[in-house]
Student: 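Sending over a structure as structure tokens; questions will come in a sec.
Computed from a predicted structure; not experimentally measured. One is the number of the first residue; the rest follow in order along the sequence.
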Amino acid sequence: CEAGNSTICANHDCLNEAECLPISSTAYQCKCIDGYTGWRCESPSPCLNLPCKNGGTCRSLPGRLYECDCPHGFYGDSCQKQEDGCGVHYRNTTGSVQYPEDFPNEDGRESCDMIIDPPNLEDRSLDVTFNSFGGMGMTEDGPTDCEKTKASLILYDGTTDRSPIIAVFCGEGNAAIAPEFNHPIKLSSSRGMIRHRGKAGTFKLKWSLTKRCAF
């Protein structure tokens with residue numbers, strides 16, 4: 001006779017205190033406790049050793065890899081680095097930020113960087129979309145020149161100032177050299193950097209990763 005759903009787990013081989021869950025009279029699955037993965041919960045999760053520092057949250061990824069979601073003020077693969085009061089780092093694949101609320105420049109430096117550095121996914125590219133922009137106009141009469149405005153934004157296709165520059169924005173929201181609202185700017189890589197020069201202006205943007213057409 002066939003075993004019932006209630007008895008299929010009598011001789012299960014789930015490991016490490018995993019719970020056996022009947023699927024049918026002939027099959028079951030193992031529900032792992034935190035810290036273990038695998039069909040039988042036989043593999044310690046990379047999160048078991050608490051690799052994320054400073055209150056970061058660990059998430060297991062395929063291939064015994066992990067990813068840390070860092071609290072505000074910390075960044076790095078393991079949230080081991082602390083922001084220095086100028087700029088901000090993000091590891092999320094999607095998100096939004098606005099200046100000055102989320103983009104600190106606490107010590108009044110000439111420029112600060114916002115770095116978007118999600119896991120480096122080769123088949124994805126970063127889209128940056130501006131929702132608002134303004135207050136970065138000229139301090140004197142004349143045509144708008146981003147080197148002479150009260151502030152400006154530089155968008156890099158990568159996470160350092162050695163990366164290719166995609167665009168330089170300044171002026172008011174309706175200026176020719178201001179970003180077009182609600183229109184994605186597509187980078188070639190999955191990571192990017194935005195440098196804010198000066199202390200004036202406001203802007204709001206969002207980002208996401210999209211699959212490249214070639215993949």
Side-chain angles (χ1 to χ4, degrees), residues 54 56 69-77 79-120 124-210:
N54 298 304
D69 291 330
C70 302
H72 183 73
F74 295 92
Y75 68 100
D77 290 342
C79 307
Q80 75 278 17
K81 300 178 181 179
Q82 186 170 7
E83 304 283 4
D84 63 0
C86 183
V88 64
H89 291 72
Y90 291 100
R91 294 278 292 169
N92 314 68
T93 55
T94 62
S96 62
V97 65
Q98 56 185 349
Y99 179 86
E101 290 84 351
D102 304 325
F103 200 152
N105 186 355
E106 297 171 359
D107 49 8
R109 298 186 201 178
E110 179 62 24
S111 64
C112 288
D113 299 332
M114 183 189 87
I115 295 176
I116 304 172
D117 189 18
N120 193 12
R124 297 290 191 273
S125 60
L126 185 66
D127 286 358
V128 176
T129 304
F130 282 85
N131 304 116
S132 64
F133 178 93
M136 302 188 194
M138 294 286 289
T139 57
E140 57 189 42
D141 293 336
T144 302
D145 181 345
C146 289
E147 294 186 359
K148 299 178 181 179
T149 52
K150 292 179 286 187
S152 63
L153 291 181
I154 305 174
L155 176 61
Y156 293 88
D157 195 2
T159 57
T160 73
D161 54 12
R162 296 185 299 275
S163 304
I165 294 176
I166 297 295
V168 180
F169 299 119
C170 64
E172 300 300 332
N174 58 354
I177 45 182
E180 183 179 351
F181 296 162
N182 303 314
H183 182 77
I185 302 170
K186 294 186 175 295
L187 280 62
S188 66
S189 72
S190 61
R191 302 181 295 174
M193 183 174 80
I194 296 171
R195 172 162 292 171
H196 178 244
R197 178 192 61 79
K199 292 176 283 185
T202 62
F203 65 86
K204 184 176 182 180
L205 62 84
K206 61 183 179 181
W207 73 89
S208 61
L209 293 181
T210 57

Student: Between V128 and L187, is any pair of side-chain heavy atoms under 4.5 Å apart?
Tutor: yes
Student: Taking side chain as C-beta onward, heavy atoms only, is I185 less than 4.5 Å from E180?
Tutor: no
Student: Hey, could you give me each pair passing salt bridge (Lys or Arg N to Asp or Glu O under 4.0 Å) that has a residue in residues 143-156? Not counting sequence neighbours.
Tutor: none
Student: State, with a plain yes or no, whether a side-chain heavy atom of E83 is found less than 4.5 Å away from one of V88.
Tutor: yes
Student: So does T202 get a backbone contact from the side chain of Q98, meaning a donor-acceptor N/O pair under 3.5 Å?
Tutor: no
Student: Show me the pairs that pass ring pair (Phe, Tyr, Trp, His ring centres under 6.0 Å) and involve residues 172-199, at least two apart or across chains.
Tutor: Y99-H196
Student: Check the pair N54 / Q82 against side chain to side chain contact (heavy atoms under 4.5 Å, CB included), numbers first and verdict last.
Tutor: CA-CA 9 Å; N54 298 304; Q82 186 170 7; over 6 Å; no
Student: Could you pull out all residues at least two apart from D113 that satisfy side-chain hydrogen bond (donor to acceptor under 3.5 Å, both in side chains)?
Tutor: R195
Student: Say whether, by atom type as modelled, one donor and one acceptor occur between the side chain of D102 and the main chain of V97 under 3.5 angstrom.
Tutor: no
Student: Mind listing the closest non-hydrogen atom pair of P118 and S190 along with its distance?
Tutor: CG-O, 3.2 Å
Student: Could you tell me which non-hydrogen atom of I116 sits nearest to which non-hydrogen atom of N92, and how far apart they are?
Tutor: CG2-O, 4.5 Å
Student: When rounded to the nearest 0.5 angstrom, what distance separates CE in M136 from OG in S152?
Tutor: 7.5 Å
Student: Return the minimal non-hydrogen interatomic distance between A200 and G135, and the atom names on each side.
Tutor: CB-O, 3.8 Å
Student: Can you run down the ring pair (Phe, Tyr, Trp, His ring centres under 6.0 Å) pairs that involve residues 128-174, sequence neighbours left out, and say none if there aren't any?
Tutor: F130-F169
Student: Just to verify, what does E172 make a side chain to side chain contact (heavy atoms under 4.5 Å, CB included) with, not counting sequence neighbours?
Tutor: N174
Student: Heavy-atom distance under 4.5 Å between the side chains of K206 and N131, does that happen here?
Tutor: yes
Student: Taking all non-hydrogen atoms of both residues into account, name the closest pair between S111 and C86 and its distance.
Tutor: O-SG, 3.4 Å
Student: So, does D157 use its side chain to make a donor-acceptor pair with the main chain of S188 at under 3.5 Å?
Tutor: yes
Student: Ignoring hydrogens and angles, tell me if any N or O in the side chain of R197 forms a donor-acceptor pair with the backbone of C146 under 3.5 Å.
Tutor: yes
Student: Would you check if I154 and M193 make a side-chain contact, meaning some heavy-atom pair closer than 4.5 Å?
Tutor: no
Student: Minimum heavy-atom separation for T149 to A151, with atom names?
Tutor: OG1-O, 2.8 Å
Student: Looking only at non-hydrogen atoms, find the nearest pair between C79 and P71 and report the distance.
Tutor: SG-CD, 4.4 Å
Student: Looking at T210, is its backbone amide N or carbonyl O close enough to the side chain of R124 to form a donor-acceptor pair, meaning the two atoms are under 3.5 Å apart?
Tutor: no
Student: Please identify each residue that fulfils salt bridge (charged side-chain N to carboxylate O under 4.0 Å, His left out) with K186, with sequence neighbours left out.
Tutor: D127
Student: So do the side chains of Y75 and R91 get within less than 4.5 Å of each other, counting heavy atoms only?
Tutor: no
Student: Side chains of I194 and L205, heavy atoms from C-beta outward: is any pair under 4.5 Å?
Tutor: yes
Student: What's the spacing between T129 OG1 and N182 CG if we round to 0.5 Å?
Tutor: 7.5 Å
